[in-house]
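Values below: every heavy atom of this structure, side chains too, minus hydrogens, waters and symmetry copies.
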Amino acid sequence: MDTQELVKTFVTAIGTQHWNLCFFRFCEVIGIDPGEDDSGQRLYAFEKFQEFGKLNSALSGLGTDFIVALIDDYISNKNS
């Protein structure tokens, strides 16, 4: 899989999961305890859920072409 396909798959997967997962399913998938209402654990889990939404927004905002360019540049500089 080339970089373009990999990035497109990743961005699509994050977007699709963001659209489909409720808070409790998100916690189950990533392996964190959602905690009880008003608990510190619930706040932590909800913060991670919000960060997941921000990740989706950031990836969508950048677009795959920009992400591919950044990755390709990283790879070429890493190997030089």
Side-chain angles (χ1 to χ4, degrees):
M1 186 178 288
D2 70 357
T3 306
Q4 181 76 30
E5 289 177 80
L6 185 62
V7 168
K8 186 173 182 176
T9 299
F10 178 74
V11 171
T12 300
I14 295 296
T16 301
Q17 289 293 78
H18 181 258
W19 179 261
N20 289 328
L21 296 179
C22 71
F23 169 72
F24 293 102
R25 178 69 179 131
F26 168 81
C27 291
E28 181 182 330
V29 168
I30 66 168
I32 61 172
D33 180 2
E36 300 296 321
D37 288 343
D38 298 326
S39 69
Q41 181 60 35
R42 174 65 60 92
L43 294 173
Y44 171 78
F46 191 69
E47 182 179 284
K48 293 301 174 194
F49 187 63
Q50 288 179 316
E51 289 172 359
F52 178 58
K54 291 176 187 176
L55 170 64
N56 180 58
S57 295
L59 291 173
S60 298
L62 273 176
T64 57
D65 291 339
F66 289 110
I67 298 169
V68 168
L70 291 167
I71 292 171
D72 286 343
D73 182 68
Y74 170 77
I75 291 169
S76 66
N77 287 322
K78 181 180 168 194
N79 295 328
S80 46

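- Following chains of ILVMFWY side-chain contacts shorter than 4.5 Å, one can reach L55 starting from I67, so the two form part of one hydrophobic cluster.
- When every heavy atom of R42 is checked against every heavy atom of E36, the shortest pair comes out as CB-O, 3.1 Å.
- Note that CD of Q4 is 8.5 Å distant from CG of D72, once rounded to the nearest 0.5 Å.
- Side chains of I14 and F52 form a contact here, defined as non-hydrogen atoms less than 4.5 Å apart.
- In this structure, F23 CZ and Q50 CD are separated by 9.5 Å, a value rounded to the nearest 0.5 Å.
- Linking Ile, Leu, Val, Met, Phe, Trp and Tyr whenever their side-chain heavy atoms come within less than 4.5 Å puts L62 and Y74 in one cluster.
- Across all non-hydrogen atoms, the minimal contact from C27 to A45 is SG-CB, 3.8 Å.
- Taking CD1 of I32 as the start and CZ of F49 as the end, the distance is 10.5 Å to the nearest 0.5 Å.
- In this structure, S60 contributes its side chain and S57 its backbone to no donor-acceptor pair below 3.5 Å.
- Note on E51 versus K54: no salt bridge recorded, every NZ/NE/NH1/NH2 to OD/OE distance being 4.0 Å or above.
- Annotation: D73, atom CG; neighbour count of heavy atoms from other residues, nucleotides and ligands within 6.0 Å is above 12.
- Closest of all the heavy-atom pairs between T64 and K8 is CG2-CA, 4.0 Å.
- Within the 4.5 Å cutoff, side-chain heavy atoms of L59 are placed close to those of F10.
- The distance from the CG atom of D37 to the CG atom of L43 is 10.0 Å, given to the nearest 0.5 Å.
- In the hydrophobic cluster analysis, where Ile, Leu, Val, Met, Phe, Trp and Tyr join through side-chain heavy atoms closer than 4.5 angstrom, L6 is grouped apart from F66.
- Pairing each heavy atom of N56 with each of G15, the nearest pair is OD1-CA, 3.0 Å.
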